[in-house]
Amino acid sequence: MEPGGSELDDEEVGSLDSRAGSRLMDVEGDAFDADALSDDVSDTGWETDLEIEEEKEKYDATGQKNYVKACDSIGIVPASHFMRCLSSQEPSIDLSHHYVGAKGAKAIAVALISNTTVTNLNLSYNGLCPEGGVAIIDMLKENCYITHLDLSNNGIAATGAVMLLDILASNTTVTHLNLSGSSFDDKAAEPLSEIIKSSIRVTHLNLSHNELSEASGVLIGAALAESEVLQHLDLSWNYLRRKGAVAIAQGLKPNQMLKKLNLSYNGFGTEGAVALADSLKINTTLTHLDITDNRILIDGVRAIAKVLQTIDSLQSLKIGHNPIQIIGVIALLEALKNGTSSVKYLGLDGITVTLNVAKIITEMQEEHTGLVITTGGTGGYKEPRPLPTPVEKLFKYSKENNIRLSDLFIVYDKKKRLFLTEADFRASLKHISAPLMEFEVLKLLNEFGRKATKEDFAAPAAPEGEEGGGGGGGGEGEEGEGVEEYSDADLEELKIVEYRLMESKKRVVSNYRSSIIGPPVFQYTSIYAKISEAKNLASGLRDVYCYIKVDNEAIARTASVFNSSEPFWGEEYRLHVPLEYQYVSVYLYDHDTLGVKVPIGKVRLDRDSIMGSPRGLDSWFPLKPISKDDEIQGELLAEIMIDEYSDEMFRGVITLVEARDLAVRDINSKVDPYAVINYKGKELNTPTLKKTRFPRWNKTYELPINRPLEEFDNRTVRITIYDSAKFHHDAFLGEVIIDLAELFLGQRYKTWYRLQQQDKETSAAMPSGGAKKDGKKEKDLGSLRLKVQCHEERILDSQLYSPFVQLMISAVESPGPEGSPLLIMLEEVMTMDRNSLAQTLVRFYIAHNAILPLFDCLISREVENVSLSNVTTLFRGNSLASKCLDQFMKVVALPYLHETLKPVIDTIFNDKKLVELDPDQLKTRSSSTSKLIDTSVAQLTGYIQIATESIFESVERCPQVLRQSMRLLWDRVIVKFPDGDTPYSSVTGFIFLRFFVPAILSPKLFALREEHADQRAERTLKLTAKLIQTMGNLQTAVDAKEQFMSPMATLLKEGVDKVKTYINQLIDVQIVMNTPSATPVEVLSDGLGYLQHVVLNSGVLWKRVTSGTSGAVGSLLYRKRFFELTNIAFTYFPTEKKTGEAKSYPVQWIRVVEKLDEAAFSRKHMFQIVIVPVGPSTAFSPSETVLYLQAADVNEQNRWVSAIRKACLCNREMSPVHHTGVYLPRKKEWSCCRATAPAEPGCCPCHRGITIGDWRDPLDPYLDAQVLYSQYQQGRETLTKNYSAPAESENPENPDVPPPRPAKPGSDEARMQAAYGRLAEVLDELSYHHSQVPNV
C-alpha cells in the first residue's frame, strides 16, 4: 500500500485486519525473555492473534473501530485521548506519559495498521517494555504513513533494536526515530549500528540516555563511516568513554552526510577530544557538535581550538561543563577571533569566566554579527583571596592553640615596660613556635616597632622600702639590673616592639551577642519543636497547657488539655529565629478556678545543646521549678575604661548608661530598678527609678583596681540589677560579670551586655534521671517529652543554585529502573527526620513545577519493590514515597480539607453529646444503656452522613494537582496489580487513611479547631474516624473484635460503594506532566509557588480608635474590624466583614511589628504596627501611622505578629528598636521608658527575626535547595566511599595496558557511580561559593 493510493475494498480490509492480528503477541502468553535473542526475529515467535472478526463494512481509514475491537479482545479500556485523536484525524498524536503499557500498545498497533492519517506518533514514557515496543515496531511493516516515531523511555531493550533492524530494512517512510532511554546495552549495539549503516530513510536518530559502552562506540564508529543517509545522531548520556569516542571520530572522517552530532556526557576525556579534532580536519559536512561535560582538559581544548582556525563547516560547538579553565576559554576565543572559522555559536555553559574575558566576549559579539557565546557568567569568579597578614596569622595561631599573647609578652617583659626588644620579641615567637616566615616577622617589626631611645631604658622610680628597681630574672649581672647600658650606636640599631599596640588591633570578644538586628536576608535559622506529652505531673489531675519561648519572646501556646495528669498534645512548630538566639524554653501551666495560670515547671534548652545534636534532641526531660530569680531577661549598656593610676593601682571608670526589657516581678507589672556595682566587696549603687522596665541612669563611677589583673579577685567587676520593694526583699533582675583583664589600657568599651542568672549552673536540660543539687534530689515535678532540632543555613544568590536545581530535576525526569540514584543517596545520608526531608522535597519540586515527575519516580520504585504476596503493605510503611505524598497533601490541600471536614467537626464540638456504642466503655449498665446505644447509633449515623456527603461531593473542589497525583498513583499500581481492589486501596490509603481520618481524630493538629477535644467529643471523633477508616479500607463488615459496631454495618456497605465512586470521579482527570524548569514557576494551577497575590492571614481583630487631636491618646474606643494580610499589602475594612471601603498599606511601609506591654492599655494580647509611608525614619511624625490591635487570644496574637513579620522580611528599613508602651501626652513621657520626647527612639530591640512556620508560607525553592545541598554535603564521606568510581589513569610507559574499568556499563553500580560523579561536581561548586562567604 502506497501513500495516496485508492480506497481499499472490503476484502482488502478483512485481509489487512487478519494480518494485524497475526503480527501481535498473545497477551496471555509466556513472559518475555530479554536475553534470549536470535539473529532473526520471526513473526512466529510473536504471534498475538486477537481473533477480531471484522464485519463487512466501509473501510475505516482512522483505525478507530479496529482499536475498540482490539481493546475489547485484550480486555483493556480504550484511551479516550487516543480515540479523540483518531476521530479528528490529527496527523500528530502525543500519548507521552499516558502509561498505556504493553497491552495498550498492542491495541494501538492494530489501529495504526489501517490508519492513513497519522504521520507523527509520540509514545514516550509509557512503560511499553520489549513486548509493547515490538508490537509498535511490527506495525511499521504495514503502516507506510508514519514518518516520526518517538519510543523514548520505554525500555524496549535489545529485543526492540533487533526488531527495528528487521522492519527498517523494508520500511521507507520513517525518517525520525527517538530511542532515548531504551535500556540499550552492548547487545543492542550491533543492530543499532546496522540501522545507522544500512537504513534507507532514517535521517534523525536519538540514542541518548542508554547504556552503550566503549564496545558499542567502536561498532557505531564503523557504521558511521559507511552511513549514507543519517544526518542527526544523538549519543549523549552514554558510556562511550575514550575508545568509543576515538572510533566515532574515525568514522566521521569518510562520512559525508552527518550534520549534527551530540556526544555530551560520555566521559571520553582529552584523548577523545583530540581524536574528534583530528576528524574535523577531514570532515566537511558536520555543522553542529556537542561535547559538553566530557572531562576534557586543556590539551583537548587546544587541539579543538587549533582546528577551528582552519575549518569553515562547523557552525555550532558546545563544550561547556568541562574543566578547561580560563586558559582553554581564551584559546577558543583566539581561534574564533584570529582564524577563518564559521562558528556562530560557542557554548561554554557552566564555565565561569573572569571580568576581562567576559569583556572580550562582549567585544567579539559586537564585532561579529550573529556570533553567540554563552558562559557560566562571572558571578562565581573570585579574585584570589589575599594572604592573611602576619598579625592575623599570629592571632589565629594563638586562638587555635589557646595561647594568650598578653601573658606571653609579659613573661618576656621582665621590667614591665609594655614593650620588648627585638631579641625578646623574636624569642617569644620562637617560644610558641609561631608559624611566621622571616619576612613576616620583619613586617611585624616594621608595623609595631620603632627605634629605641634612652628614655625607654631609664630606671623607674623605686617604691618605698625597696632598693633599686629589682625586677626578677636572676643570673649574671643581676645586681646592676636597674638600668641597661646601651651606647648611642647600639640604640641607633636597636628596635623595640610595643606589644600592647599590636594587641589593640585584636578584636575584643565580649559575652554579649547582639539581638537588636534580626538575621541577614540570606541567613536562615529554624527550630523544629514537637511537644508530645507530659507524665507524672505533681498534684494529680491538671488542666495543662504549654508556652514556647525563644529567649524572652513567647511565640506559641498549645491548646489546653483538661483534667489529666498525663496530657497529650502532639503539636509541632517550625520556628524561624534569629541567628543569635540563646535558648528555647517550654513552660507548663495549670488553669486554676479563677482562670489565673499556675506554674508547674519548665524545660530550658540552650543553643549549644540543640546544635550539638544534628538529628535533634528527642527525649523525656525533667521539669524544673519556675523561679522568678531564674527568669532573667534584658540587657545593660555600660561604658568601661581602665587607665594608669599608680604603680600599684589602675583606675576603672564605669558608666551605667541604661538597661532595657527587664523582667517584671510584681503582680502589678511595675518595676523600680536600681543597679549595684561590686568590686572586691565594695558596692556602689545607682538611684532607683520608678515604674520602668527601661531605666536610664547615665551615672559614672570610679573604682581603684588592684594590680596585677591576672588574679581573679582583682580582675572581676559584678554589676547586679534589682527591683526595689517596700514590704519584702528586693527582687533580683540579673547580673553582668566583666573581666577587666580582657580590656586594654586607655580604651573605652561601650557595650550591651546580656543579663545572666545569679548561679553558674548550666541551663541546658538533661534527660530525666534525678538531677541532684547540694547532695539532695530535687522535687519531682514530672517530665515532658520533647523533640527539638535546629537547622542553620546560609542561602546564596539564587543563580548559584541553578546547576544543583537542574541536576535534581533531571534526577526525577529520568530516574532509571531502580529509581532515582540521587534520591536513594539522599535517604542514605539524611540527618533530618523523614517528615522534614519529605516536606523539603515536596516544596522544592512544587516550586520547580516537577512534583508529578517526583511522584512518578517514587511511586514506581515502591510498586516495583512490592510482591503480590505483600501487596497489603503497599504504601503502608514510612517510605519516602508515603511521606512525600503525606506532606504534599498538607501543602496543597489543607484549604480543601477545611472546607470538607469543618462542618462535621464543628457540629461534634458544639453538640457535646455522649456517643457510645461499646457497652464496656460505659461505667454502669442498666436499662438506659440500650437506649443510650440506640441514641448513639442515630447520632453517629448523622455525623457519618454529614462527613461522607461532604467528602463525596467535594471532587470538583479537590485541587487539580492532587487529583493528578492520585491518578498517577492509580495508573502505576494497576499495571502491576490489575486484579482486585489494590488500585482503590492505594488511593484511599492516602486520601482517607492519611488525610481525612487523622484530621478527624486530631482536628487541632490540622488547624480545624483551636482547642483539643474534650472527653465526649474525643470519643465521638474516634468512632467517626473508625467508621470512615473502615470505609477507606473497603471493608463492608465490622471487625470481629468490634462487634459493638455491627449496627453500622448497613452504613458501611453503602459507604464502600460510594468510596469507589468517589475514587473513580477523583482520578477521572488527565495527567499533565509539568515541564520542569530550573527557575521557580510564577503560577501553578492550584495557587502554588510564587503568586502575584498571596493571602497570608485574615480575620477579625479589635482596633484601637483614637479620638481627639492627632497623636493624642484621648478617649479610647475599640472596634472590630476585618483585616487581611497579603504578600503585597496589609488591609483592613470598616466592618467585621470584608465589606466597605478598605484602608490598605503596602508591606514595604511597615517598620515595626511588636507586642505591647499589658500595662500599656491594661489589655491582654495587644500588638502594634508602625507604618511610615516614605523615608527610612521610624521617629514619630505626622506622616507616621501606628495601629494598636488586640487579638482574641495569645495564639491569634502570635499568628498575626508572625505572619506580618514574614511578609516584611525583605524590608530594608525595618526599625531595630521600638517602644513597648505608648506616649502619654498629659505626662509628656513614654509609659515604658519614661523618655519625654515623642520622637524618642525605641527603648527595646525588635524581635522581627522570630516567626512561626505555617502552611500558608510562600514557597522558598532556594532555601529548600540549600537544605538538600546541606544533606548531601554532610554525607559526602559516606557517598564518596560507596559510589565514587575508580579513577581512570593512563600508563605512559605501557600504553597497551588499558585503564581500570570502573563498573559494568548499564549496571546499577555504574548508574550510581555516574550519578554521584555529576552530583560531586555540583556539590564542589556550591561548596566553593559557600567558602567565599564570610562567616556571620
Side-chain angles (χ1 to χ4, degrees), residues 80 97 838-839 842-843 845-846 849-856 858-859 875 881-906 944-974 983-1000 1003 1006-1008 1024-1025 1028-1029 1031-1034 1055-1074 1081 1083-1089 1091 1094-1095 1255-1256 1259:
S80 58
H97 294 284
Q839 185 183 62
V842 165
R843 292 174 65 87
Y845 282 105
I846 285 176
N849 211 8
I851 190 63
L852 292 182
L854 170 69
F855 288 156
D856 193 11
L858 294 175
I859 292 170
F875 299 114
S882 299
K883 291 297 184 182
C884 282
L885 279 166
D886 281 353
Q887 294 298 325
F888 171 70
M889 290 188 293
K890 292 179 181 178
V891 171
V892 305
L894 270 184
Y896 164 66
L897 180 77
H898 286 195
E899 188 176 0
T900 305
L901 293 184
K902 193 161 179 51
V904 67
I905 298 296
D906 289 343
I944 295 296
Q945 288 175 346
I946 295 174
T948 54
E949 287 177 6
S950 181
I951 291 172
F952 298 151
E953 295 174 0
S954 67
V955 172
E956 295 302 323
R957 299 194 304 269
C958 184
Q960 192 75 2
V961 69
L962 177 58
R963 295 180 64 185
Q964 291 183 17
S965 64
M966 293 299 105
R967 175 56 187 266
L968 183 66
L969 173 65
W970 172 281
D971 288 347
R972 298 301 178 262
V973 172
I974 201 171
Y984 284 105
S985 62
S986 297
V987 177
T988 59
F990 285 103
I991 290 291
F992 282 85
L993 274 59
R994 292 176 178 266
F995 198 46
F996 289 141
V997 171
I1000 295 172
F1006 287 80
L1008 286 164
T1024 304
I1028 293 180
Q1029 178 180 351
M1031 292 180 188
N1033 283 328
L1034 306 179
V1056 169
D1057 294 336
K1058 292 181 179 179
V1059 166
K1060 288 187 175 181
T1061 302
Y1062 168 76
I1063 297 301
N1064 289 333
Q1065 295 173 349
L1066 188 74
I1067 65 171
D1068 186 19
V1069 63
Q1070 183 177 359
I1071 298 177
V1072 180
M1073 283 290 186
N1074 301 323
V1081 294
V1083 179
L1084 293 184
S1085 58
D1086 291 305
L1088 304 174
L1091 304 183
V1094 182
V1095 177
W1255 63 269
R1256 287 174 288 247
L1259 301 176

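The figures here come from the full heavy-atom set of this structure, side chains too, leaving out hydrogens, waters and symmetry mates.
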Lys1058 to Phe952 six-membered ring, cation-pi geometry met (6.0 Å, 45°) = no

For residues Phe996 and Leu901, report the shortest heavy-atom separation together with the two atoms involved.
-> O-CD1, 3.7 Å

So, for Thr900 and Ser954, which heavy atoms are closest and what is the spacing to 0.1 Å?
-> OG1-CB, 3.9 Å

Here the gap from Ile991 atom CD1 to Ile1067 atom CD1, rounded to the nearest 0.5 Å, amounts to 11.5 Å

Hey, what do you get for CG (Leu1008) to CG (Leu897), rounding to the nearest 0.5 Å?
-> 5.5 Å

Can any side-chain N or O of Asn1064 pair as donor or acceptor with the backbone N or O of Lys1060 at less than 3.5 Å?
-> yes

Salt bridge (Lys or Arg N to Asp or Glu O under 4.0 Å) assessment of Asp971 paired with Arg967 | CA-CA 6 Å; Asp971 288 347; Arg967 175 56 187 266; 2.9 Å; yes

Do the non-hydrogen side-chain atoms of Leu885 and Met966 ever get within less than 4.5 Å of each other?
-> yes

How long is the gap from CZ on Arg963 to CD on Gln960, to the nearest 0.5 Å?
-> 5.5 Å

Are any of the side-chain heavy atoms of Gln1029 and Phe992 separated by less than 4.5 Å?
-> no

Shortest non-hydrogen pair, Leu852 vs Val961, comes out as CD2-O, 4.4 Å

Pair Tyr845 + Phe855: ring centers closer than 6.0 Å | no

What is the distance from atom OG1 of Thr948 to atom CE of Met1031, rounded to the nearest 0.5 Å?
-> 5.5 Å

Heavy-atom closest pair (Leu962 atom, Ala893 atom, distance to 0.1 Å) is CD2-CB, 3.8 Å

Scan Thr988, Asp1068, Leu1034 and name whichever one has a side chain to side chain contact (heavy atoms under 4.5 Å, CB included) with Ile1063.
-> Thr988

Do any N or O atoms from the side chain of His898 and from the backbone of Phe1006 form a donor-acceptor pair under 3.5 angstrom?
-> yes

Supply the atom-to-atom distance Leu1066 CG to Cys958 SG, rounded to the nearest 0.5 angstrom.
-> 5.0 Å

Could you pull out the closest heavy-atom pair between Cys884 and Val842, with the gap in Å?
-> O-CG2, 3.3 Å

Side-chain heavy atoms of Ser965 within contact of Phe990, under 4.5 Å | no

State whether the side chain of Ser950 and the backbone N or O of Ala947 hold a donor-acceptor pair below 3.5 Å, judged by distance alone.
-> no

N/O donor-acceptor pair under 3.5 Å between Arg994 side chain and Lys883 backbone = no

Contact check, side chains of Phe888 and Ile846, non-hydrogen atoms, under 4.5 Å | yes

What distance do Ile905 atom CD1 and Thr1024 atom OG1 have between them, rounded to the nearest 0.5 Å?
-> 7.5 Å

